[in-house]
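Bear in mind that the values here come from a model prediction, so they are computed numbers and not experimental data. When reading the values below, keep in mind they use all heavy atoms of this one structure, side chains included, and skip hydrogens, waters and symmetry mates.
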Amino acid sequence: MSKWTIGVLIAAQLTLAACVNLGGGKPPVLLLTLSSNATIAANDVRSAKAGEPITIEVPGVPMAIANTRVAVSDGPVAIAYVKDAVWVEPPARLFQRILSETIAAKTDKVVLDARQFAVDPGIKLSGQLKSFGIDAQASQAVIIYDAVITRDRGKSVNTKRFEARRPVASVTATTAGTALNAAANQIAGEVAAWVSGG
C-alpha cells in the first residue's frame, strides 16, 4: 500500500470522525408524539372527482416552536422549554399528521399530503400554529391554530381560529405531552367539522 493511499485513508477516517459523534450527548429519556383519537378503518377505499380532495399542509410556526422542544411561556415575553421533553419531530409536522388522520376518519373526503399536491390539490387546508406549548401562569397546555381553507384554486378563501386549552397540574414531559395531545385532538375534531361544513 502506497503512502498516498494510506494518507487518503487516514484523511477519510478523520473526516468521518468529525461528522459522527459516537460518544454523543445523553439521549432523551423518552420522545413525545401526537396520536389521533380518530382512525381510518382498514381497507377504507375512497374516490374523489377533480377539486374534491383536500390537501393538508404543514402549518407555519414561530421560531419558538420550530424545533423539537416543548415550549413554556411565562408571561408575554419569556419562553423556556420543558426539561427532558423532546418531540419525535417538530410539532408542526405532528399536528399536520393528526389533522390528516382526523379529517380522513371523520369526513368522507379523500385526504392528501402536501407532497401529493401535484395529483389534484382540490381544497387546501393551511394555516399557522400561533401557540403549541405550556402556559406556565395559567397551568395549561395551549394550542392556537389559525386555519385557512382555499377552494377553486384560490377563488374562495375562508379563515377560522381554533383554540384548545387543557389543565396541567405540573410541568413535566409526560404531563405536557398528554395535555397537548388532548388539545390537538380537540382542534383536529373541530377542524374536521368545519371542513365538512358541520
For the side chain of [X] and the backbone of [Y], is there at least one donor-acceptor N/O pair under 3.5 Å apart?
X	Y	answer
Asn37	Asn185	no
Gln96	Ile56	yes
Thr175	Ser170	yes
Asn181	Gly177	no
Ser196	Ala193	yes

Student check: side-chain heavy atoms of [X] and [Y] closer than 4.5 Å:
X	Y	value
Phe132	Val61	no
Leu31	Thr68	no
Val171	Val72	yes

Measuring from [X]:[atom1] to [Y]:[atom2], what's the distance to the nearest 0.5 Å?
X	Y	atom1	atom2	value
Trp87	Arg69	CH2	CZ	13.0 Å
Glu101	Ile98	CD	CD1	9.0 Å
Leu34	Ile143	CG	CD1	7.0 Å
Leu94	Leu32	CG	CG	9.5 Å
Ser131	Ile65	OG	CD1	6.5 Å
Ile54	Thr150	CD1	OG1	10.0 Å

Same apolar cluster: [X] and [Y], side chain cutoff 4.5 Å:
X	Y	value
Ile144	Leu99	no
Ile79	Val168	no
Tyr145	Val142	no

Minimum heavy-atom separation for [X] to [Y], with atom names?
X	Y	answer
Ser36	Thr102	OG-OG1, 3.0 Å
Ala85	Val70	CB-CG2, 3.7 Å
Asp135	Ser73	CA-OG, 3.7 Å
Ala179	Ala141	CB-CB, 3.5 Å
Phe162	Ala147	CE1-CB, 3.8 Å
Ala164	Ala183	CB-O, 3.6 Å

For this session: Indicate yes or no: does Glu163 engage Arg165 in a salt bridge with an N to O separation below 4.0 Å.
Result: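 Yes, Glu163 and Arg165 are salt-bridged.
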Exercise. When you check the gap from the basic side-chain N to the acidic O, do Arg97 and Glu89 get nearer than 4.0 Å?
Worked result: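 Result for this pair is yes, salt bridge flagged.
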Exercise. Does the side chain to side chain contact (heavy atoms under 4.5 Å, CB included) test come out yes or no for Glu190 and Lys160, once each step is laid out?
Worked result: CA-CA 11 Å; Glu190 291 172 359; Lys160 186 173 181 179; over 6 Å; no
For this session: Evaluate the side chain to side chain contact (heavy atoms under 4.5 Å, CB included) criterion for residues Asn158 and Arg151: first the C-alpha distance (whole Å), next the side-chain angles of each, then the deciding distance (0.1 Å), finally the verdict.
Result: CA-CA 9 Å; Asn158 297 92; Arg151 293 181 173 88; 3.6 Å; yes
Exercise. Among Ile103, Val111, Val148, Thr55, which one satisfies side-chain contact (heavy atoms from CB on, under 4.5 Å) with Leu125?
Worked result: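 Filter result, single survivor: Ile103.
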